[in-house]
2 protein chains.
Amino acid sequence: MMMMMTPTKPASNLSPEYPLLGLLAQKPAHGYELHQRLMQDFGQIWYISLSQTYNILKRLEKQGAIAGEDEQQENRPSRRFFRLTAEGRQRFEVWLDSTVGCSTRAIRVEFLTRLAFAESIHPELVPGLLERQIVEIRSGIGRLESGMTKLPPEQVYNRLALKLRVRQLAPMLDWLTECQAAWREDGNFNKILSP
Amino acid sequence: MMMMMTPTKPASNLSPEYPLLGLLAQKPAHGYELHQRLMQDFGQIWYISLSQTYNILKRLEKQGAIAGEDEQQENRPSRRFFRLTAEGRQRFEVWLDSTVGCSTRAIRVEFLTRLAFAESIHPELVPGLLERQIVEIRSGIGRLESGMTKLPPEQVYNRLALKLRVRQLAPMLDWLTECQAAWREDGNFNKILSP
DNA sequence: TCAATATACTCACTGAGTAAGTATATGATG
DNA sequence: CATCATATACTTACTCAGTGAGTATATTGA
C-alpha cells in the first residue's frame, strides 16, 4: 500500500524557522553564528539550543529554503555556510507580510519577530502589519465571545477558559494601538519602552 | 559506550497527561471514553486527537501511573480498561496541589485544569491554589521587570517582549483576585462568568 | 439495502527538543 | 610552562509531541 507523503507541512509558525530565515535574509552565515545572533537579538523571545539550530538548518536545507556549502578553514574544523535560496527568500517574504491568529503567545513570539524583521528589511510593511493584526484580534475576540454563548452553561471551565482568553486579548489590542501611534509619530517603538 | 538513560523526564506539565490522570481519578475508563470526556469537559482548554490520547495512555501505563486490562466484549472489538495505580494517584495529588510558573498559557491551560479537578475532588485545596498562584505571578512580574532593566537598550525587541509579558500578567492577577472573591462568597466561579 | 456514523484501537511517520560526543584553538591561571 | 576553561563548530542518537491513515465491527437511519 502506497503511503501518502505529507506534502511538506506548513510548519508551525511558532518554530524558529522564520527567525533563522530572517537572519539569513540579512546575510549568509554558518550555524554557530546564526545561533549566536538569534540568542543575542531574540533571546527573550525564542530559546533554541545549538543542536536544535542545526536540526532546523538541516531541515530547511532539505526543503530547499537554504543552501549550504562546506568551507575549509585551515587549523579549524570546517564549517558550513548557508545562504537563502530564491525559494527561501520567497517563503520568508510571504511569512513577513502575513498575520498570526489571535493567540497571545503567537503575537508575543511570532508577531514581534515579524515586526523586528519588517523594521529592518521592509519598514514600509510595518503599518499594514500592525493594522491587520489589530483587525485580526478584534475579530478573534468576537469569535471567542460568540463561541462562549454557544457553550452549555454547565461547562464552567470551558467558559472560564474562553473568558480568560478574551481578557488576555484586550491588553494586546491596547499595546498594538500604542505601537501604531509610536510608529506614526517616531518611526520606532522606543516610546513603548520608556514610561 | 554505555548510553545514559534519561530518568523518565518530569514531562512538560502542559501535556494532557494530568487531565487524563484526573479523569481516571474520577473513575476508571477506556481510551475512547476518556477522549470523549476530555473533549467534553475541557475541549476549549485542551485539544488532543484520539490517537494522541492513546499515545499518552500507553506512556502512562509504561510509567506505572495507570494499569490497563483487556476486556473481551462479545460482538465488539475488545477494549482496554484503565485505572489509576497508587503511584498514579500519588502523582496526580502532587500535581493537583502544585503551582505553575507565570506563563499566561500555563495559567490558562494548566491552572484552570487544576482548579477544575480541585473543585471536584479536593475543594479544600482551592483557596490555597489561588493564593499561591497570585504570589507566583506577582514574583514573576518582579523578575520580568528586573530582567528588563538588565537588558542593553539596543535590544529593542527583547525588551518589548518582556514588557508584553508583564502587560499580559497584570490582567491575570485581576482575574485570579476575582476568582478568590467569588470562591469566598459563593464557593463557585459563576460570578466570573456573568458580567 | 447500504451508507453514514459511532465505537475502539494501531501503525508509521514527521517534527520538537535535548544530552552527550567530537575536534581544535585561544587565553587565563597557577 | 603546563593545563584547564572557554569559544568555535558541528554530529549523533535519543525521547516525546502530535498527526493521518488504516483496521475492524456494530448501529442507525434514509
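Just so it is clear, the model here is predicted, and its values are computed rather than measured. Proteins come first, then strands; the chains are lettered A, B, ... in the order of their sequence lines, and each starts at number 1.
The interatomic distance linking B:Lys58 (NZ) with C:dC11 (P) rounds to 6 Å, in whole Å. For the pair A:Arg37 CZ and D:dA9 P, the interatomic distance rounds to 13 Å; values are reported in whole Å. As a whole-Å value, the separation of A:Gln36 CD from D:dA7 P is 9 Å. Per the geometry, CG belonging to A:Leu50 stands 15 Å off P belonging to C:dA20, to the nearest Å.
Scanning for ring-ring contact (aromatic ring centres under 6.0 Å, His included) contacts around B:Tyr47 gives an empty result, with sequence neighbours left out. Applying the side-chain contact (heavy atoms from CB on, under 4.5 Å) test to B:Ser103 and every residue at least two apart in sequence or in another chain returns B:Arg105, B:Ala106. By the ring-ring contact (aromatic ring centres under 6.0 Å, His included) test, B:His35 is found to be paired with no residue, residues two or more places apart in sequence or in another chain being considered.
Contacts classified as ring pair (Phe, Tyr, Trp, His ring centres under 6.0 Å) and involving residues 114-152 of chain B (residues at least two apart or in different chains) are given here: B:Phe42-B:Phe117, B:Phe92-B:Phe117. Applying the ring pair (Phe, Tyr, Trp, His ring centres under 6.0 Å) test to pairs two or more places apart or on separate chains, those with a residue in residues 138-183 of chain A are A:Trp183-A:Phe189.
Within a heavy-atom distance below 4.0 Å of DNA chain C, the residues of residues 20-33 of chain B found are B:His30, B:Gly31, B:Tyr32.
Each of C:dT18, C:dT10, D:dA9 was ranked by its minimum atom distance to the side chain of B:Tyr54; first place goes to C:dT10.
In this model, no side-chain donor or acceptor of A:Asn55 finds a partner on the base of C:dG15 within 3.5 Å.
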